[in-house]
Amino acid sequence: MLTVLGIESSCDETAAAVVRGDAAAGRGAILSNVVFDQMDLHAAYGGVVPEIAARAHAEKLDVAVGQALEGAGVPLAAMDAVAVTVGPGLIGGLVAGIACAQGLSLGSGVPLVPVNHLEGHALTPRLTDGLAYPYLMLLVSGGHCLFLIANGPGDHERIGTTIDDAPGEAFDKVAKMLDLGIPGGPKVEAMARGGDAARFRLPRPLMDRPGCDVSFSGLKTAVRMARDARVAAGGMEARDIADLCASFQAAARDVLVEKSRRAMALFRERLPGGASPGFAVAGGVAANAALRAGLETLAREEGFEAVFPPLALCTDNGAMIAWAGLERHAAGLTGELVPKPRFPVASNPMAGVWTGKRGAKV
Ligand code: KG4
Ligand code: ZN
């Protein structure tokens, strides 16, 4: 049994948590899980402002850690490790988190474990459900879209990714172009609920291409063009917005479901014989009910065991960092304690993967 404090500050959540568990068995107990979101600070700007985020992390990290330790009822000195996100993410937030963790470690003598934020998401189904390795992972968030075969801590094979935008990014941009406010994903989903998904004919990008890479940039542009056409034709009524949101959400779901089907086939090819392998979905977009329903049906059809960690553990949190740190510590894995805005989680090289305008998305 190990007890680990986890610290997360890579984007706009300041989070700390204490997790206790046995890495070999999988499944851990979350003793405390404190998350401060910064939504109010960024709302006026329509998105996360890195400088504001970094300052807010610096101000709130010690409060989050204090509450996490108190909530768990375990003193810092009794921790087996302090795990901290070192990337990928916004540099200012990463620096603030690392500085906080270093201070805690220096003062207490508890060892530090650097954690990749994406590995935090990827190992969450072990924390919550004790999912056995190897399993197929779909990570869908505001910054990432990844199909991984998770073989063990520090051992993940990427079999698909986005060649441009992440799905959450597309939801956020659609929300912005329709003036729905933030957070974009939940706003679009709420509007889509009353809408007609068949009203606007939107593309399902990359369906004709083999493999499980995805693309959301063209879909986003198609939504913008549909909006502009409606505006030119007399304006967007509430019904138009609902129908456009529903049509967009259905297109995004169709793409992710079809690519997941292919990822499952690839998984079976690589690892034949597994009776009912796990298919885990995490990241903020996994909160989307339409997507969940589509992926659950798919998993049933393909003989995979679908695992959706609870919503609070799908979005950014400290418990996932604590758990990934716990598994890494138990396996004797170390890493560099330096902030890495870009930090691939997969062990296989980037060859053949589109790296986008600003470098690799994975
Ligand atoms: O994993 P996450 O909390 O942060 C990172 O990006 O790492 O994911 C946040 C993303 C945002 O883009 C948000 O709009 C999206 O997840 N999201 C959703 C929903 N809830 C959050 N997208 C679609 N439907 C939702 N219900
Ligand atoms: Zn995340």
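By convention here, the first residue in the shown sequence is residue 1. Bear in mind the structure is a predicted one, so any value in this text is a computation, not a measurement. Both counts, for ligands and for their atoms, begin at 1 and track the order of listing.
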Do me a favour and list the nearest non-hydrogen protein atom to atom 15 (C) of ligand 1 with residue, atom name and distance? V285 CG2, 3.9 Å
Heavy atoms only: which of [options] is nearest to [atom]?
{"atom": "atom 25 (C) of ligand 1", "options": "A289, G120, G185", "value": "G185"}
{"atom": "atom 24 (N) of ligand 1", "options": "N288, D37, D12, V174", "value": "N288"}
{"atom": "atom 8 (O) of ligand 1", "options": "G284, A175, A192", "value": "G284"}

Using a 6.0 Å cut-off, check whether atom CD of Q102 has over 12 heavy atoms from anything other than its own residue. yes
With a 6.0 Å cut-off (strictly less than), is the heavy-atom count around CD of E301, excluding the residue itself, greater than 12? yes
What N/O/S atom of D316 is the closest to the Zn ion (ligand 2)? OD1
Is any N or O atom of [X], backbone or side chain, closer than 3.5 Å to an N or O atom of ligand 1?
{"X": "T315", "result": "no"}
{"X": "E13", "result": "no"}
{"X": "G142", "result": "yes"}

Salt bridge present between [X] and [Y] (N-O < 4.0 angstrom):
{"X": "E302", "Y": "R268", "result": "no"}
{"X": "E258", "Y": "R204", "result": "no"}
{"X": "D129", "Y": "R27", "result": "no"}
{"X": "E169", "Y": "K220", "result": "no"}

Please classify the [X] to ligand 1 contact at 4.0 Å (heavy-atom distances, strictly less than): side chain, backbone, both or neither.
{"X": "D172", "result": "side chain"}
{"X": "P186", "result": "both"}
{"X": "H121", "result": "side chain"}

Contact between V19 and V4 at the side-chain level, heavy atoms closer than 4.5 Å - yes or no? no
Between V86 and V338, is any pair of side-chain heavy atoms under 4.5 Å apart? no
Nearest 10°: the angle subtended at the Zn ion (ligand 2) by H117 NE2 and H121 NE2? 90°
With a cut-off of under 6.0 Å to the ring centre and 45° to the axis, is R227 in cation-pi contact with F200? no
Is the F248-F171 ring centre distance short of 6.0 angstrom? yes
Just which atoms of ligand 1 are under 4.0 Å from any heavy atom in [X]?
{"X": "G143", "result": "6 (O)"}
{"X": "E189", "result": "24 (N), 25 (C), 26 (N)"}
{"X": "H117", "result": "7 (O)"}
{"X": "G168", "result": "12 (O)"}

Would H144 count as a contact of ligand 1 if the rule is a heavy atom under 4.0 Å away? no
Roughly how far apart are H121 NE2 and L139 CG, rounded to 0.5 Å? 6.0 Å
